[in-house]
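Here the structure is laid out as structure tokens; the discussion comes afterwards.
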Amino acid sequence: MAETAAALRTVAHNVRAARIRAGLSLEELGRRAQVSKGALVALEKAQGNPNLATLVRLADTLGISVSALMQGPPEGRVRVVAADAVAPLWTGERGSEARLMLTTSGPAPVEVWRWRLEPGEEYPSHPHQAGVVETVSVTAGRMTLLVDGTEHAVEAGQTATFDGSTSHTYRGAGDRTCHLVMTVHLPPGPGSTT
């Protein structure tokens, strides 16, 4: 519970700092990100429990990565992150989950995610800001990737890449769990470094 409270305080600080850097009021950020002002006020006070879709919309609107909202100060030149050290940002009813492992620093950061998709379970993603490119590499099982309404089968050992600013959904396929590593390549821009 203490870890969750600390993580929420970090998100609260980072959202407020990014909002101020962008010169946005709570009202304007809420309007652009489609998040209520009340939810933003609570978030900036380290209250509530923002879901992944809310964090993605806020990050996209602020022009930063999701992990930039979640990470504290840099820990050094090399970061090693174990999957069990990072709480899932999304969990499905059948046991699927998505964990944001880390984000690289620099003018065009890359988010590295680990996903587990159970057969038939899906996650419809919010379209990202222009210039975002996603890559999925399936390490075990199979998935169906839906991009702009078209289905693409991606099996173990295969990698797919696509424009993340279009509607997209990840769905577990077959009869066993799908494991994949996803990268989200963010465009360079003001405030995009972590």
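For the atom pair CG of Leu145 and OG of Ser125, the computed distance is 10.5 Å after rounding to the nearest 0.5 Å. Taking OG of Ser96 as the start and CH2 of Trp115 as the end, the distance is 8.5 Å to the nearest 0.5 Å. The distance from atom OG1 of Thr54 to atom CG of Leu43, rounded to the nearest 0.5 Å, is 8.5 Å. Distance check: Glu151 CD to Thr144 OG1 gives 5.5 Å after rounding to the nearest 0.5 Å. Note that the CE atom of Met182 and the CG atom of Leu100 stand 8.0 Å from one another [nearest 0.5 Å]. Atom NE2 of His128 sits about 11.0 Å away from atom OG of Ser167, to the nearest 0.5 Å.
Under the 4.5 Å side-chain contact rule for hydrophobic residues, Val11 and Trp90 share a cluster. Val133 is not connected to Val138 by any chain of hydrophobic side-chain contacts under 4.5 Å among Ile, Leu, Val, Met, Phe, Trp and Tyr, and they are in different clusters. The hydrophobic cluster containing Val132 also contains Tyr123, counting ILVMFWY residues as joined when their side-chain heavy atoms lie under 4.5 angstrom apart, directly or transitively. The same ILVMFWY cluster, assembled from side-chain heavy atoms under 4.5 Å apart, contains both Ile64 and Leu24.
Here the shortest heavy-atom pairing between Leu62 and Ala22 reads CD2-CB, 4.2 Å. Of all heavy-atom pairs between Ala160 and Val154, the closest is CB-CG2, 4.1 Å. Asn14 and Leu69 get closest at one heavy-atom pair: ND2-O, 3.1 Å. Gly174 approaches Pro119 most closely through the heavy-atom pair O-CB, 3.3 Å. Between Asp163 and Ser165, the closest heavy-atom pair is OD1-OG, 2.6 Å. His185 and Thr135 make their closest contact through NE2-OG1, 3.8 Å (heavy atoms, listed as atom of the first residue, atom of the second, distance).
Inter-residue side-chain proximity for Val66 and Leu89 is flagged as met; some heavy-atom pair is nearer than 4.5 Å. Side-chain contact check for Val35 versus Leu29: every heavy-atom pair is 4.5 Å or farther apart. Side-chain contact between Leu55 and Pro50 is present, with at least one heavy-atom pair separated by less than 4.5 Å. Under the 4.5 Å side-chain criterion, counting only non-hydrogen atoms from C-beta, Met143 is in contact with Leu180. Counting only heavy atoms from C-beta outward, the side chains of Val181 and Trp113 never approach each other to under 4.5 Å.
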Kindly determine whether Leu26 and Val41 satisfy side chain to side chain contact (heavy atoms under 4.5 Å, CB included), including the steps that lead there.
CA-CA 7 Å; Leu26 285 166; Val41 168; 3.7 Å; yes
Before giving the answer on side chain to side chain contact (heavy atoms under 4.5 Å, CB included), spell out for Val184 and Val112 the whole-Å C-alpha distance, their side-chain angles and the decisive distance to 0.1 Å.
CA-CA 7 Å; Val184 179; Val112 179; over 6 Å; no
Does the salt bridge (charged side-chain N to carboxylate O under 4.0 Å, His left out) test come out yes or no for Glu27 and Arg31, once each step is laid out?
CA-CA 6 Å; Glu27 294 86 1; Arg31 186 185 66 74; over 6 Å; no
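Heavy-atom contacts from other residues, nucleotides or ligands closer than 6.0 Å to CD of Glu93 number 12 or fewer. The environment of CG in Asp175 is sparse: at most 12 heavy-atom neighbours from other residues, nucleotides or ligands sit within 6.0 Å. Around atom NE2 of His152, more than 12 heavy atoms belonging to other residues, nucleotides or ligands sit under 6.0 Å away.
A donor-acceptor contact shorter than 3.5 Å links the side chain of Thr61 to the backbone of Arg57. At distances below 3.5 Å, at least one donor-acceptor pair connects side-chain atoms of Thr104 with backbone N or O atoms of Val110. Side-chain atoms of Glu111 do not come within 3.5 Å of backbone N or O of Leu102 as any donor-acceptor pair.
No side-chain donor from either of Thr177 and His179 sits under 3.5 Å from a side-chain acceptor of the other.
For Phe162, the ring pair (Phe, Tyr, Trp, His ring centres under 6.0 Å) test picks out His168, with sequence neighbours left out. Partners of Arg114 according to the side-chain contact (heavy atoms from CB on, under 4.5 Å) rule, which considers only residues two or more places apart in sequence or in another chain, are Ala83, Met101.
Sorted by first and then second residue, the pairs that involve residues 118-147 and meet salt bridge (charged side-chain N to carboxylate O under 4.0 Å, His left out), not counting sequence neighbours, are Arg116-Glu118, Glu122-Arg171.
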